[in-house]
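Keep in mind that the numbers below use all heavy atoms, side chains included, and drop hydrogens, waters and symmetry copies.
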Amino acid sequence: DGVATTDTAIYKIIEAANMDMNCIKNEVDKMISYAGDTKQVSEHDVDLLCSQDAESKVYQMIDFIIAKQKEKACSMYHDLLENKESAIMINACIMRQFNKLLLVKMALSDGAQDASLAKIAGCPVWAVKNYKAQCRGYSMAQLKDIVENCQDMDYKLKTGQVMDNAAMEVMIVELCEMQILRQKNNHCENSGYFLYNYDWFKYMQPFNISKSLCQSYVVISQMLKPSC
């Protein structure tokens with residue numbers, strides 16, 4: 001009958017495996033074994049079990065920042081430092097992600113549709129709702145300030161004007177404590193509409209999604225099914 005999961009959890013598996021089909025199969029087999037009689041795999045289970053590269057961990061930390069989960073964001077930051085990741089690289093990833101949110105926010109204000117937003121964010125169309133939910137919590141001015149602060153931090157880190165590790169942690173805490181406009185969870189909205197249709201690739205062709213990404217989804221969709 002398969003294992004119940006969410007489309008976000010599946011996207012995390014694909015990210016962790018860097019769209020390598022053999023790695024994806026190994027990770028899915030691991031998830032199924034872990035689920036056992038519960039027949040359920042949560043996003044937390046994926047974070048716990050999937051092997052992740054450094055950049056994937058940075059973006060997980062950014063998710064904690066956006067969710068205002070300060071303790072988890074700082075804990076992930078310390079893990080990255082222990083793995084010898086540089087503050088410059090971490091700051092660059094934060095700046096890139098918030099710049100995407102800014103571009104999505106600007107495009108939304110101009111009435112852009114999901115297909116256009118997906119190209120801006122560099123993600124599948126079905127994942128656009130995550131970007132929309134994240135940027136909804138910030139004003140345009142806040143997102144611009146964050147990007148500018150990251151640019152300033154990049155300059156100071158590269159010129160030795162700040163103690164890199166400590167300065168980055170202060171910035172992460174400040175981002176977590178920034179007052180947001182509102183929080184809204186639309187996690188299960190339209191869950192799996194494209195993911196779990198066996199004609200998924202046919203439906204996604206108009207959106208220029210790569211065939212390798214579609215094949216990744218097909219592999220997982222044959223083993224797992226969505227559940228809110």
Holding to salt bridge (Lys or Arg N to Asp or Glu O under 4.0 Å), I want the full list of residues that pass it with [X], two or more places apart in sequence or in another chain.
X: Asp145; value: none
X: Lys132; value: Asp114
X: Asp152; value: Lys156
X: Lys70; value: Glu177

Could you grab the distance from atom [atom1] of [X] to atom [atom2] of [Y], nearest 0.5 Å is fine?
X: Glu85; Y: Met61; atom1: CD; atom2: CE; result: 11.0 Å
X: Met168; Y: Leu175; atom1: CE; atom2: CG; result: 8.0 Å
X: Cys150; Y: Met153; atom1: SG; atom2: CE; result: 8.0 Å
X: Ile66; Y: Gln69; atom1: CD1; atom2: CD; result: 11.0 Å
X: Ser86; Y: Leu80; atom1: OG; atom2: CG; result: 10.0 Å
X: Leu101; Y: Gln142; atom1: CG; atom2: CD; result: 12.0 Å

* More than 12 non-hydrogen atoms from neighbouring residues, nucleotides or ligands closer than 6.0 Å to CE on Met95, yes or no? -> yes
* Asked: More than 12 non-hydrogen atoms from neighbouring residues, nucleotides or ligands closer than 6.0 Å to CE on Met163, yes or no?
  -> no
So, using side chain to side chain donor-acceptor pair (under 3.5 Å) as the criterion, who are the partners of [X] when residues are at least two apart?
X: Asp154; answer: Lys158
X: Lys144; answer: none
X: Asp63; answer: Gln134
X: Gln151; answer: none

* Tell me, which pairs form a ring pair (Phe, Tyr, Trp, His ring centres under 6.0 Å) where one or both residues lie in residues 57-110, sequence neighbours left out? -> Phe98-Tyr138
* So which pairs with a foot in residues 153-176 pass ring pair (Phe, Tyr, Trp, His ring centres under 6.0 Å), sequence neighbours left out? -> none
* Does any non-hydrogen side-chain atom of Val128 lie less than 4.5 Å from one of Val104? -> no
* Asked: Are side-chain heavy atoms of Leu117 and Tyr131 found at a separation under 4.5 Å?
  -> no
* **Main-chain N/O of Val3 paired to Lys39 side chain as donor or acceptor, under 3.5 Å** => no
* Asked: Is the backbone N or O of Ile94 less than 3.5 Å from a side-chain atom of Gln97, with the two atoms forming a donor-acceptor pair by type?
  -> no
* By side chain to side chain contact (heavy atoms under 4.5 Å, CB included), which residues pair with Asn149, not counting sequence neighbours? -> none
* To do: Kindly write out the residues that satisfy side chain to side chain contact (heavy atoms under 4.5 Å, CB included) with Ser116, not counting sequence neighbours, or none if the list is empty.
  => Ala112
* To do: Apply side-chain contact (heavy atoms from CB on, under 4.5 Å) to the pair Asp45 and Tyr34, showing each step before the final yes or no.
  => CA-CA 9 Å; Asp45 295 332; Tyr34 178 79; 3.4 Å; yes
* Distance-only polar pair, side chains of Thr159 and Gln161, donor-acceptor under 3.5 Å -> yes
* Say whether Ile65 and Val173 are linked into one hydrophobic cluster, either directly or through other cluster members, by side-chain heavy-atom distances under 4.5 angstrom. => no
* **Cluster link Met76 to Val170, ILVMFWY, side chain under 4.5 Å** => no
* **Steps toward side-chain contact (heavy atoms from CB on, under 4.5 Å) verdict (Thr5, Ser42)** => CA-CA 6 Å; Thr5 189; Ser42 68; over 6 Å; no
* Start with the C-alpha gap between Lys100 and Ile120, add the side-chain angles, then the distance that decides, and say whether side-chain contact (heavy atoms from CB on, under 4.5 Å) holds. => CA-CA 7 Å; Lys100 284 184 180 181; Ile120 292 171; 6.0 Å; no
* Structure fact -> Residues Leu143 and Cys135: closest non-hydrogen pair is CD1-CB, 4.4 Å
* To do: Work out which heavy atom in Val125 is nearest to a heavy atom in Ala115; give both atom names and the distance.
  => CG2-CA, 4.3 Å
* Given Arg136 and Leu108, is the side-chain contact (heavy atoms from CB on, under 4.5 Å) satisfied, shown in steps? -> CA-CA 10 Å; Arg136 190 180 294 127; Leu108 279 171; over 6 Å; no
